Amino acid sequence: MKSLIAGNWKMNGLSAASAEIKALITKFAGSAPDDRDVLICPPATLLMAFASSFSDEGFEFGGQDCHANASGAHTGDISAEMLADAGAAYVIVGHSERRADHAETDAQVKAKADAALNAGLSPIVCVGETREEREAGKALDVVAAQLDGSLPQTPSAFVIAYEPVWAIGTGLTPTIDDIAEMHAHIRNKTRADIRVLYGGSVKPANAQEILAVKDVNGALVGGASLKADDFYGIISAAPGDV
Ligand code: PEP
């Protein structure tokens, strides 16, 4: 499998942010490395413009969420079909910020993941424990329950992102042993051909160590994906074959 380095821009970026992608392309001398997958999930407002301008350079683009239905009376929502039509290849579902801010349940995340697959997108299904759950020794059980409830029904290619909630945007990361333990646990609960990403305060300084852990098949990167220099450092640290 190729590793997957995915950037989640969250609610950041106006059209001028295309300069960061151009800078990234320049750093890679004109095209994304072909031995690993590089994905950027910008705000939906930028998706179509980015996908049409930069897909030829080997970068892939994705959404940050989708509705479980293909169309209908859901003001403000975006369907997986719409993301695919805009040029997306992936969509993040069940990010902890969606689970917390929009009270998304495992069942809703599963429905979104299935909708993504039906639309021809690869869903990136996010799971991860809170600090309280880790301190209570429940991290493995919490993640197992999230996987049981959130993974798509459809037996096709999807991606899992293990993102401990307490590591997102905080500068904190689990120990390498804790990452290895969780990724082995997730691997045991899924197939060998499913990529399992680590996410939570990945930056150029820690990327190589984290991406070398067994069963870590790439990274989901928030803050450090917004700047070409940092994202380039992380992509460059990824092994091509995982
Ligand atoms: C994320 O939100 O998916 C994430 C991993 O954020 P950060 O890298 O900023 O911790």
Side-chain angles (χ1 to χ4, degrees), residues 3-14 16-21 23-24 27 32 36-47 50 54 59-66 78 83 88-102 104 109 112 122-131 134 143 146 150 159-174 178-179 182-183 186 195-211 213 216-238:
S3 58
L4 170 62
I5 306 299
N8 173 15
W9 281 21
K10 311 192 186 192
M11 198 172 70
N12 297 295
L14 303 177
S18 61
E20 292 300 329
I21 304 193
L24 194 59
K27 284 177 176 296
R36 65 206 82 176
D37 290 330
V38 181
L39 167 70
I40 295 169
C41 299
T45 47
L46 299 177
L47 179 61
F50 282 8
F54 305 118
F59 292 87
E60 295 185 288
F61 293 90
Q64 298 177 9
D65 177 51
C66 66
I78 297 179
L83 295 172
Y90 293 80
V91 59
I92 299 167
V93 294
H95 190 283
S96 61
E97 287 155 13
R98 301 280 324 167
R99 290 178 186 262
D101 297 353
H102 301 271
E104 286 188 6
V109 174
K112 289 175 181 218
S122 296
I124 301 176
V125 183
C126 300
V127 294
E129 81 286 355
T130 62
R131 178 191 290 277
R134 176 153 288 273
V143 167
Q146 288 175 331
S150 317
V159 179
I160 297 170
Y162 167 56
E163 299 207 301
V165 179
W166 52 273
I168 294 178
T170 59
L172 303 172
T173 51
D178 285 344
I179 294 174
M182 184 61 83
H183 278 250
I186 294 172
R195 288 183 290 190
V196 184
L197 314 183
Y198 168 79
S201 296
V202 176
K203 43 189 187 251
N206 61 18
Q208 193 166 14
E209 192 181 20
I210 291 172
L211 290 165
V213 174
V216 173
N217 310 124
L220 180 53
V221 184
S225 70
L226 292 168
K227 289 282 161 224
D229 280 353
D230 289 344
F231 201 40
Y232 175 79
I234 294 169
I235 298 163
S236 304

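Given the structure is predicted, the values throughout are model-derived calculations rather than measurements.
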Visitor: Are Pro164 and Tyr198 close enough that some pair of their side-chain heavy atoms sits under 4.5 Å apart?
Guide: yes

Visitor: Between Arg99 and Ser150, is the side chain to side chain donor-acceptor pair (under 3.5 Å) condition met? List the steps.
Guide: CA-CA 11 Å; Arg99 290 178 186 262; Ser150 317; 3.1 Å; yes

Visitor: Using distance only, find each side-chain donor-acceptor pair of residues 89-98 under 3.5 Å and give its atom names and separation, not counting sequence neighbours.
Guide:
unit_1 : atom_1 : unit_2 : atom_2 : d
Tyr90  : OH     : Arg195 : NH2    : 2.9
His95  : ND1    : Glu97  : N      : 2.9
His95  : NE2    : Glu163 : OE1    : 3.3
Glu97  : OE2    : Lys10  : NZ     : 2.8
Arg98  : NE     : Glu104 : OE2    : 3.0
Arg98  : NH1    : His102 : NE2    : 3.4
Arg98  : NH2    : Asp65  : OD2    : 3.3
Arg98  : NH2    : Glu104 : OE2    : 3.3

Visitor: So do the side chains of Gln64 and Pro43 get within less than 4.5 Å of each other, counting heavy atoms only?
Guide: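 Gln64 reaches Pro43 side chain to side chain.
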
Visitor: Rounded at 0.5 Å granularity, tell me how far CD in Gln208 sits from CD1 in Ile210.
Guide: 11.5 Å

Visitor: To check you understand the geometry: which heavy-atom pair defines the closest contact between Ala207 and Val202, and what is its length?
Guide: CB-CG1, 4.1 Å

Visitor: Hey, are the side chains of His183 and Asn217 touching, using non-hydrogen atoms and a 4.5 Å cut-off?
Guide: no

Visitor: Working to the nearest 0.5 Å, report the span between CG of Asn8 and CD1 of Ile124.
Guide: 9.0 Å

Visitor: With a 4.5 Å cut-off on side-chain heavy atoms, are Leu197 and Val216 touching?
Guide: no

Visitor: When you measure from the side chain of Lys27 to the backbone of Tyr232, do you find a donor-acceptor pair of N or O atoms at a distance under 3.5 Å?
Guide: no

Visitor: Rounded to the nearest 0.5 Å, how far does CD1 of Ile168 lie from CG of Leu220?
Guide: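 One finds 8.0 Å between CG of Leu220 and CD1 of Ile168.
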
Visitor: Using the rule given for side chain to side chain contact (heavy atoms under 4.5 Å, CB included), can you reason through Ile78 versus Leu83, listing the C-alpha separation, both sets of side-chain angles and the distance that settles it, and then say yes or no?
Guide: CA-CA 7 Å; Ile78 297 179; Leu83 295 172; 3.7 Å; yes

Visitor: Evaluate side chain to side chain donor-acceptor pair (under 3.5 Å) for Glu129 paired with Trp166, printing each intermediate quantity in order.
Guide: CA-CA 8 Å; Glu129 81 286 355; Trp166 52 273; 3.0 Å; yes

Visitor: Counting C-beta onward and ignoring hydrogens, is there a side-chain heavy-atom pair between Thr173 and Ser201 closer than 4.5 Å?
Guide: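 Of all side-chain heavy-atom pairs linking Ser201 with Thr173, at least one is under 4.5 Å.
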
Visitor: Apply the side-chain contact (heavy atoms from CB on, under 4.5 Å) test between Val127 and each candidate in Val109, Val196, Val143; give the one that qualifies.
Guide: Val143

Visitor: For Ala224 and Ile234, which heavy atoms make the closest approach, and how far apart are they?
Guide: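 That closest heavy-atom pairing would be CB-CD1, 3.7 Å.
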
Visitor: Run the ring-centre check on Trp9 versus Phe61 and record whether the distance is less than 6.0 Å.
Guide: no

Visitor: For the residue pair Phe50 and Ala17, what are the closest heavy atoms and their distance?
Guide: CZ-C, 4.2 Å

Visitor: Nearest 0.5 Å please: distance from the CD atom of Gln146 over to the CD1 atom of Ile186.
Guide: 9.5 Å

Visitor: Hey, could you give me the CZ/OG distance between Phe54 and Ser18, rounded to the nearest 0.5 Å?
Guide: 5.0 Å

Visitor: Any chance you could measure Leu39, atom CG, to Cys41, atom SG, to the nearest 0.5 Å?
Guide: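 Those atoms lie 4.0 Å apart.
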
Visitor: Which is it for Arg36 and Ile235 under the side chain to side chain contact (heavy atoms under 4.5 Å, CB included) test, yes or no, and what are the steps along the way?
Guide: CA-CA 8 Å; Arg36 65 206 82 176; Ile235 298 163; 4.0 Å; yes

Visitor: Is any side-chain heavy atom of Phe231 closer than 4.5 Å to a side-chain heavy atom of Ile5?
Guide: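 Yes - at least one pair of side-chain heavy atoms lies under 4.5 Å apart.
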
Visitor: Is the closest side-chain heavy-atom distance between Ile40 and Ser225 below 4.5 Å?
Guide: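 They are not in contact (no side-chain heavy atoms under 4.5 Å apart), so the answer is no.
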
